[in-house]
Amino acid sequence: MSSKDARGDKGASTGKRVGGNKKMSGVKLSTGSKGTGGGKKAAGRPHRGGKTKSQASSRQRTGRPSHRGASFDASALEGAEFIEVSNVALPLDAGLESPASEVNRPTPVPLSTETNHPAPATPAASPAPAEGSHAESLSRAAIASALGVAPEDVASFSLVKRSVDARKKSNVHFNATYAVRLAQGVAYDALSPARGVNVRAYDPPAPLAIPDLRSLATSSDERIVVAGTGPAGLFCALFLAEAGLRPLVVERGAAVDERTAAIESFNAGGPLDAAANVQFGEGGAGTFSDGKLTTGTKSPHIRHVLEAFVQAGAPDEILWQAKPHIGTDKLPAVVKSIRERIISAGGEVRFLTRLADIELSGGAVCSVALEDSRTGAREVVEASRVIIACGHSARDIFELARDRGFALERKPFSMGVRIEHPQTLINRAQYGAAAKHTALGAADYKMAVRVPARANGTRADATSENATRGVYTFCMCPGGEVVAAASEEGGVVVNGMSRFARDGENSNSALLADVRPDDLPEDDVMEGVRLQREVEHAAFELARRNGGVPYAAPAQTVGDFLVGATSSSGQAEGGQLGGTVAAASEARCRTVVPGSHRRVGASESHSRLVVRPSYPRGIVWCDLREFLPAFICDALAQGLPLLDAKLHGFADPGAVLTGPETRSSSPIRMVRGQNFQARLASDLPDSDEEPATRVYPCGEGAGYAGGIMSAAVDGLRVAEAIAAEFSSR
């Protein structure tokens with residue numbers, strides 16, 4: 001997982017006109033059973049005349065509401081069969097029935113819709129609630145109110161997007177966007193949208209077009225090699241396979257079933273498997289996280305990625321949720337399904353196979369060496385192109401790229417801890433009295449502040465551009481658990497995960513501070529990796545010295561962290577030194593009661609908060625300053641009260657900090673040109689010539705993405721660039 005999304009392409013406008021008189025297909029829309037057009041199929045273009053009888057009577061009954069907005073220009077809707085209505089205030093009870101259902105799950109089809117699958121004319125959205133249900137009635141009434149028409153004037157509708165609006169705790173509700181078709185004869189120029197409601201012609205998202213390049217595919221002896229099966233590698237390989245280019249996909253880790261078994265064994269106290277863990281294996285690090293599908297990038301590919309996930313078995317609601325997620329319990333089956341699609345389209349996938357070397361000839365790749373992750377046996381494969389999508393933890397790939405002459409640069413990354421609260425605290429803080437409404441589910445948060453920067457423990461020049469440092473939360477996991485995410489012997493790493501239901505006792509998120517290139521000594525591009533390793537190993541040794549089992553994690557309450565004390569008197573239950581929770585079962589059962597395990601002189605701020613740490617290998621009460629850099633601890637200590645001002649209770653003295661979180665993003669970027677190909681270090685820095693290495697750094701590990709969605713989108717962009725090269729032959 002990564003701390004920030006890389007910049008992406010801006011998405012296409014969704015405000016274009018849509019031609020009328022198109023046949024509805026693919027999506028079941030909620031239809032009315034009463035009034036004009038109710039229960040009837042709206043035929044052709046909507047009437048563009050004056051008010052209908054139904055509307056006129058509606059005005060007589062209700063008048064023009066005082067909350068109606070400014071004058072509305074209906075001419076922009078000319079010819080549209082569907083209109084998009086956004087900022088519809090929806091009562092929470094409308095969410096008690098999900099508008100998605102298994103019977104409406106899309107049939108798996110190739111991503112390509114270029115030739116045999118024309119762009120849909122109907123809303124590519126979720127079906128509406130069951131016709132006649134209470135949720136359907138509430139939704140219809142909300143849409144009608146937003147448009148200033150009678151409920152029976154809404155012939156059909158489909159949910160496009162829905163989010164929670166909790167800005168006013170006294171009025172927590174959903175904010176929804178719908179694709180709407182009005183009843184036959186209802187005129188657009190008679191609409192009277194409420195203040196804040198936006199209406200425009202609905203423009204269905206364009207399908208992903210994949211060209212048929214089978215006749216141009218390279219010989220079987222010269223493969224396109226995709227290294228890595230995280231989101232970037234999987235989506236790049238899927239596009240290339242369905243284009244007929246038969247990619248060879250290699251993954252240093254295990255297939256997802258074997259990987260799952262290895263992680264469960266490690267969580268239960270078994271040895272670390274360097275080839276099958278939270279970082280390495282099918283699906284990448286995101287498979288054992290919350291599966292969040294949010295991104296700060298803007299790209300039409302976002303919709304394509306979501307649709308592909310649904311076709312692979314992800315829940316339908318990711319298509320309309322404002323903050324979609326799949327969940328760790330569902331992701332393994334989803335990534336396996338995508339792998340099967342790659343194979344069925346002509347690709348080949350090899351697990352436990354590491355990219356060990358890249359050979360260049362004339363500045364372009366000619367072959368790769370592949371190594372068995374278990375035995376070390378090597379095989380040389382001729383390659384026409386190589387996509388490096390290895391993730392942020394494949395540190396040997398950075399060293400390989402440097403040694404083979406590719407241009408690398410240090411980039412900002414982040415470091416910190418996981419902060420854990422009871423989920424009920426977060427729900428109350430975000431939703432107030434509405435927190436227990438079953439339609440809301442577990443609340444989340446996303447916060448950021450800036451604090452005075454201290455580099456290497458010394459206050460920076462207050463006049464410099466680096467006078468402040470960012471402190472923020474990332475990868476928040478509602479109802480989730482802290483994950484043991486080590487991938488190297490002798491190092492502790494934490495991450496977070498949630499299952500689809502998000503029904504766990506605790507919430508957790510990364511609490512991170514920026515690490516800038518100028519925070520690091522020397523000029524070596526690998527200094528960020530060195531710092532990560534140093535912190536991970538120091539955390540491992542600190543926990544062991546204080547009585548912990550291997551891979552136990554150092555932890556401290558927020559109250560003690562802020563006053564510089566440890567959260568244990570040094571004597572844990574059962575007489576063991578260091579406050580160690582030695583096994584996963586004990587870690588989940590033992591209650592950490594702030595104030596009862598503290599040193600004399602620790603914070604006297606008492607808290608009623610009870611947190612049972614969820615880290616599976618057990619926690620050891622330590623001082624986090626003994627393994628985290630001083631400038632990180634200073635930033636976190638300054639940031640916690642500021643974040644608490646945004647979310648009351650966030651810095652409660654009883655909240656638990658577990659560390660270290662070091663893998664939020666890659667500390668290195670492989671420099672690439674506009675054509676997505678890697679540059680060589682020998683290239684002139686001011687050269688306008690595009691590189692021709694035929695090596696494509698891709699995704700989060702290469703420094704071009706920050707999470708599942710942006711990595712998958714980057715994979716598609718790289719695949720499109722390669723397909724364009726073949727098409728131009």
d(Arg663 CZ, Ser393 OG) to nearest 0.5 Å is 4.0 Å
The salt bridge (charged side-chain N to carboxylate O under 4.0 Å, His left out) partners of Lys169 (sequence neighbours excluded) come to none
* Taking the side chain as C-beta and beyond, is there a heavy-atom pair between Trp621 and Pro554 under 4.5 Å? -> no
Check the pair Ile426 / Tyr431 against side chain to side chain contact (heavy atoms under 4.5 Å, CB included), numbers first and verdict last. CA-CA 8 Å; Ile426 305 302; Tyr431 297 148; over 6 Å; no
Looking at Arg140 and Glu136, is there a salt bridge between them, counting it only when a charged N and a carboxylate O are closer than 4.0 Å? yes
In terms of heavy-atom contacts, Asn175 and Asn87 come closest through OD1-CA, 3.4 Å
- Query: Looking only at side chains, do Asn508 and His421 share a donor and an acceptor under 3.5 Å apart?
  - Reply: no
* To do: Would you mind checking if Glu481 and Arg499 are paired as a salt bridge, meaning a charged N to carboxylate O distance below 4.0 Å?
  => yes
Residues Asn267 and Arg617: closest non-hydrogen pair is O-CD, 4.2 Å
Output for pair (Phe288 CZ, Asn277 CG), nearest 0.5 Å, gives 10.0 Å
Checklist entry - For Met476, does its backbone N or O pair with a side-chain atom of Lys292 as donor and acceptor, under 3.5 Å? => result yes
Original post:
Would you say Asp514's side chain and Arg516's backbone share a donor-acceptor pair under 3.5 angstrom?
Top reply: no
*Indicate yes or no: at least one non-hydrogen side-chain atom of Val172 is less than 4.5 angstrom from one of Leu440.*
yes
Does a donor on one side chain sit under 3.5 Å from an acceptor on the other, for Glu420 and Thr658? no
SG of Cys475 to CG of Asp444, rounded to nearest 0.5 Å, is 11.5 Å
Any donor-acceptor pair under 3.5 Å linking the side chain of Ser498 with the backbone of Pro478? yes
Note: Lys646 and Ala448 closest approach over all heavy atoms is CE-O, 3.4 Å
Main chain of Ser86, side chain of Thr177: is a donor-acceptor contact present, judged purely on distance under 3.5 Å? no
Of all heavy-atom pairs linking Ala484 and Val278, the shortest is O-CG2, 3.4 Å
- [ ] Applying side-chain hydrogen bond (donor to acceptor under 3.5 Å, both in side chains), run through Gln423 and Asn427 and close with a yes or a no.
- [x] CA-CA 6 Å; Gln423 182 61 46; Asn427 292 346; 2.8 Å; yes
- Where the side chain of Ser145 meets the backbone of Ala141, is there a donor-acceptor pair that is under 3.5 Å apart? no
message = Counting C-beta onward and ignoring hydrogens, is there a side-chain heavy-atom pair between Glu84 and Asn198 closer than 4.5 Å?
response = no
Salt bridge (charged side-chain N to carboxylate O under 4.0 Å, His left out) filter on Glu534, not counting sequence neighbours, yields Arg530
query: For the side chain of Asp165 and the backbone of Arg167, is there at least one donor-acceptor N/O pair under 3.5 Å apart?
result: yes
Note, Asp519 side chain near Arg469 side chain (heavy atom, < 4.5 Å)
yes
Smallest heavy-atom separation, Thr294 atom then Pro324 atom, equals CG2-CD, 4.0 Å
CD of Glu700 to OG of Ser665, rounded to nearest 0.5 Å, is 7.0 Å
Between Phe266 and Tyr551, is the ring centre distance below 6.0 Å? yes
Would you say the side-chain atoms of Asp644 pair up with the backbone N or O of Ala651, donor to acceptor, closer than 3.5 Å? yes
Closest heavy-atom pair, Ala176 versus Leu159, reported as atoms and distance to 0.1 Å, is CB-CD1, 4.0 Å
Here the gap from Ile143 atom CD1 to Phe157 atom CZ, rounded to the nearest 0.5 Å, amounts to 4.5 Å
inquiry  = If you define the side chain from C-beta out and look only at heavy atoms, does anything of Met447 sit under 4.5 Å from Phe650?
reply    = yes
Test side chain to side chain contact (heavy atoms under 4.5 Å, CB included), reference Val310, set Val305, Ile326, Ile318, output is Ile318
Are a donor atom and an acceptor atom from the side chains of Tyr445 and Ser509 found within less than 3.5 Å of each other?
-> yes
Exercise. Are Glu317 and Arg162 close enough for a salt bridge, meaning some N to O gap below 4.0 Å?
Worked result: no
**Asked** Does a side-chain heavy-atom distance below 4.5 Å link Pro332 with Thr287?
**Response** yes
The reported gap from CG in Leu636 to CG in Leu628 (rounded to nearest 0.5 angstrom) is 7.0 Å
Per side-chain hydrogen bond (donor to acceptor under 3.5 Å, both in side chains), Asp93 is matched among His173, His134, His437 by His437
- Query: Between the side chains of Thr662 and Arg533, does any donor sit under 3.5 Å from an acceptor?
  - Reply: no
We want to know whether Thr297 and Thr295 form a side-chain donor-acceptor pair, criterion being a heavy-atom distance below 3.5 angstrom. yes
Query - His392 side-chain N/O to Pro667 backbone N/O, donor-acceptor pair under 3.5 Å - result: no
| task | Tell me, with the steps shown, if Tyr178 and Val160 meet side chain to side chain contact (heavy atoms under 4.5 Å, CB included). | result | CA-CA 5 Å; Tyr178 288 95; Val160 175; 5.7 Å; no
- Query: Any side-chain heavy-atom pair from Pro422 and Val610 closer than 4.5 angstrom?
  - Reply: no
Handout entry: Donor-acceptor under 3.5 Å (Asp560 side chain, Thr557 main chain)
Key = no
Applying side-chain hydrogen bond (donor to acceptor under 3.5 Å, both in side chains) to Arg502 and not counting sequence neighbours gives Asp290, His325
> When you look at Phe561 and Arg625, which way does the side chain to side chain contact (heavy atoms under 4.5 Å, CB included) test go after all the steps?
Replying inline: CA-CA 8 Å; Phe561 174 72; Arg625 289 173 176 80; 3.4 Å; yes
Can you tell me if Asp329 uses its side chain to pair, donor with acceptor, with the backbone of Phe500 under 3.5 Å? yes
Next item on the list: Please step through side chain to side chain contact (heavy atoms under 4.5 Å, CB included) for the pair Ile419 and Val656, ending with a clear verdict.
Entry: CA-CA 6 Å; Ile419 185 167; Val656 174; over 6 Å; no
Is there a side-chain contact between Arg428 and Thr424 (heavy atoms, below 4.5 Å)?
yes
